[in-house]
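Computation of the quantities below employed the complete heavy-atom set of this structure, encompassing side-chain atoms and omitting hydrogens, waters and symmetry-equivalent molecules. The chains referred to below are lettered A, B, ... by the order of the sequence lines, with proteins before strands, and numbering in each begins at 1.
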Protein chains: 2
Amino acid sequence: MSRLTAAPLHTPPFHLGEDMTEDDVHRHIAEAIIDRRLPPGTKLVEQNLATIFSVSRARVRSALTRLAHEKMVTVEPNRGARVATPSVEEARQVFEARRLIEDGIVRAAAARMDTDARAKLEAHVAAEADAHRRRDRHAVIRLSGDFHLLLADIAGNIVLMDFLRELVSRSSLVIAVYERPGSTDCSHHGHDGLLNRLIAMDVEGAAAAMAAHMDEIADSLDLSSHREDGVDLRRVFADILKDSP
Amino acid sequence: MSRLTAAPLHTPPFHLGEDMTEDDVHRHIAEAIIDRRLPPGTKLVEQNLATIFSVSRARVRSALTRLAHEKMVTVEPNRGARVATPSVEEARQVFEARRLIEDGIVRAAAARMDTDARAKLEAHVAAEADAHRRRDRHAVIRLSGDFHLLLADIAGNIVLMDFLRELVSRSSLVIAVYERPGSTDCSHHGHDGLLNRLIAMDVEGAAAAMAAHMDEIADSLDLSSHREDGVDLRRVFADILKDSP
DNA sequence: TGGGTCGTGATTGTCGACAGTCATGTCAAC
DNA sequence: GTTGACATGACTGTCGACAATCACGACCCA
């Protein structure tokens, strides 16, 4: 049984004919961003989305502002919304925060393991392996993040789970921008070793495995900052502008 | 100088005549909640707030939904918004999350201390002592929370600072609901000892002092759950309802 | 041809109005 | 006096329309 009455991790099957609520719009866009079907920088025009989902523009608008609060899209005044492209510094801070919170979560989860939690985790890891076998890239990405949220669910702290949910989403954006070209797809093997430690209720071992897993992900990125996203030309040539306004 | 270009901690002086932006409305309400001028459970009627701030109802509405995302108000469909009254379980989880994040922040801050950070912290503690001397309850509450946010600023991680900002706000609500009647007002002495450890760049000592400070706050609460807020009559008499539907 | 200016279409920001829903008070019947 | 139905008022939810702003291409001039 589920310990928490938290929101479902992903959108339930959607029947055409009913009109979508704001929550549905939010989830559909969020999932598309996390799956990387919507790459960073993509313009999100309100009217387009409204006609696609056949809802009013106002509903799309509030979904976008909510996504902006969650740092998945950026909104510039009078210039609309885009899928966020995290900076190098932001990427570092997201992973630093994630190391801290994942450590707290994995320790709590290790202490609360039981047969039910074990069954869920094993089933999830199996599903990950299956998605990997099927070469379903989107499913691999989504399930990889869900593993960590499942751990948070077992840990039993809704506040931390909400924080982690945001961090997992932002991590997906970071990976989309800074993934090293030759890196293997989202190492899911790290979850295996972690699961073994959890089953043994080895708190320190599980925490160490999680730390290693985080390092593994961070190492697959190229944060050497040569890829400075969104260079502001006005700032680069500020001195010239001063000379000849 | 400030390390981060984060949002200001509190509302800048507001000049009448200009019309408020949504951000202003949000900040004014948030501050009133954190200062406990708006106690938990207070109904927040959109039209009232709109006339008070002389803005349109839509603007108040979006400010309220943002406050709802930050868990400072609860919104029931068709029944409007109220200042949130956290449950006992939520209170526990907020403080558990806060222990974790404050630990990470204080360690980072201790490692990054310099003369500028020291000056800011000393000035802040002095301001806290002054507010305490003046018996300015609202200022004491606000400054007490700001001390922790200043620490997060020194730590230099915007992501963690945003998380902590939410946790500090929610802590204020928890204290408003569960404060033990005879407890002294928001122990500000804990900040003194913490500051000494930070100046010495004693990471472990600072972390221990922070942990003690968190315990101190938690001990001033009465979470024995006899004060179950918002008893649901239907749940209390669920068995009777089953017998005679 | 390069560069600057202006207009036009597209997109966002904001507001007021109306419909839907809930709470409260009134009144009649028992 | 109590209970139930009903009416009324207040509040929220939603949408469409209009204003403000921006991006982009056409046009003109040197």
Side-chain angles (χ1 to χ4, degrees), chain A residues 14 17-29 38 41-70 72-85 230-235 237 240-241 243-245, chain B residues 14 17-29 38 41-70 72-85 230-234 237 240-241 244-245:
Chain A
F14 177 72
E18 322 163 10
D19 49 345
M20 301 173 84
T21 171
E22 180 206 315
D23 242 46
D24 296 324
V25 177
H26 172 270
R27 271 203 298 274
H28 273 93
I29 301 176
L38 283 176
T42 306
K43 185 87 192 294
L44 299 173
V45 178
E46 296 176 359
Q47 188 58 58
N48 290 358
L49 295 167
T51 53
I52 288 171
F53 296 127
S54 50
V55 297
S56 74
R57 192 165 69 90
R59 215 165 272 192
V60 171
R61 191 176 175 75
S62 56
L64 287 178
T65 65
R66 187 167 148 201
L67 287 165
H69 290 150
E70 295 162 350
M72 296 178 66
V73 315
T74 56
V75 177
E76 284 180 283
N78 290 320
R79 301 192 54 192
R82 289 180 177 278
V83 178
T85 70
V231 180
D232 185 356
L233 291 179
R234 277 186 295 262
R235 183 164 302 174
F237 302 112
I240 297 176
L241 285 172
D243 291 342
S244 61
Chain B
F14 176 74
E18 323 164 8
D19 50 346
M20 303 173 82
T21 172
E22 179 206 314
D23 242 46
D24 295 325
V25 177
H26 172 270
R27 272 203 298 273
H28 273 93
I29 300 176
L38 283 175
T42 306
K43 185 87 192 292
L44 299 173
V45 178
E46 295 175 0
Q47 187 57 58
N48 290 358
L49 295 167
T51 54
I52 287 170
F53 296 127
S54 50
V55 298
S56 74
R57 192 165 70 89
R59 217 166 270 192
V60 171
R61 190 176 174 77
S62 57
L64 288 177
T65 65
R66 187 168 149 201
L67 287 165
H69 290 150
E70 296 163 350
M72 296 179 65
V73 316
T74 56
V75 176
E76 284 181 282
N78 289 321
R79 301 192 53 192
R82 291 178 177 280
V83 179
T85 70
V231 179
D232 185 355
L233 291 179
R234 278 186 295 263
F237 302 115
I240 296 176
L241 286 172
S244 61

All N/O contacts under 3.5 Å from nucleotides 6-12 of chain C to the protein, with atom names and distances to one decimal?
| unit_1 | atom_1 | unit_2 | atom_2 | d |
| --- | --- | --- | --- | --- |
| C/dT12 | OP2 | A/Glu46 | N | 3.3 |

* Which residue pairs pass the ring-ring contact (aromatic ring centres under 6.0 Å, His included) test when at least one of the two sits in residues 42-62 of chain A, sequence neighbours left out? -> A/His28-A/Phe53

Just jot down the salt bridge (Lys or Arg N to Asp or Glu O under 4.0 Å) partners of [X], sequence neighbours excluded, or say none.
{"X": "B/Glu70", "value": "B/Arg66"}
{"X": "A/Arg82", "value": "none"}
{"X": "A/Arg57", "value": "A/Glu46"}

* Structure fact -> Contacts of B/Ala68 meeting side-chain contact (heavy atoms from CB on, under 4.5 Å) (sequence neighbours excluded), chain-then-number -> B/Val73, B/Val75

* To do: Identify, with sequence neighbours excluded, every residue that meets side-chain contact (heavy atoms from CB on, under 4.5 Å) alongside B/Thr51.
  =>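 By the side-chain contact (heavy atoms from CB on, under 4.5 Å) rule, B/Thr51 matches B/Gln47.
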
* Pairing residues for A/Ser62 by the side chain to side chain donor-acceptor pair (under 3.5 Å) criterion, not counting sequence neighbours ->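 Listed in chain order: A/Glu22.
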
* Nucleotide interval of DNA chain D bounded by contacts with chain A (heavy-atom cut-off, under 4.0 Å) ->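 The contact span of chain A on DNA chain D goes from D/dT14 to D/dA23.
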
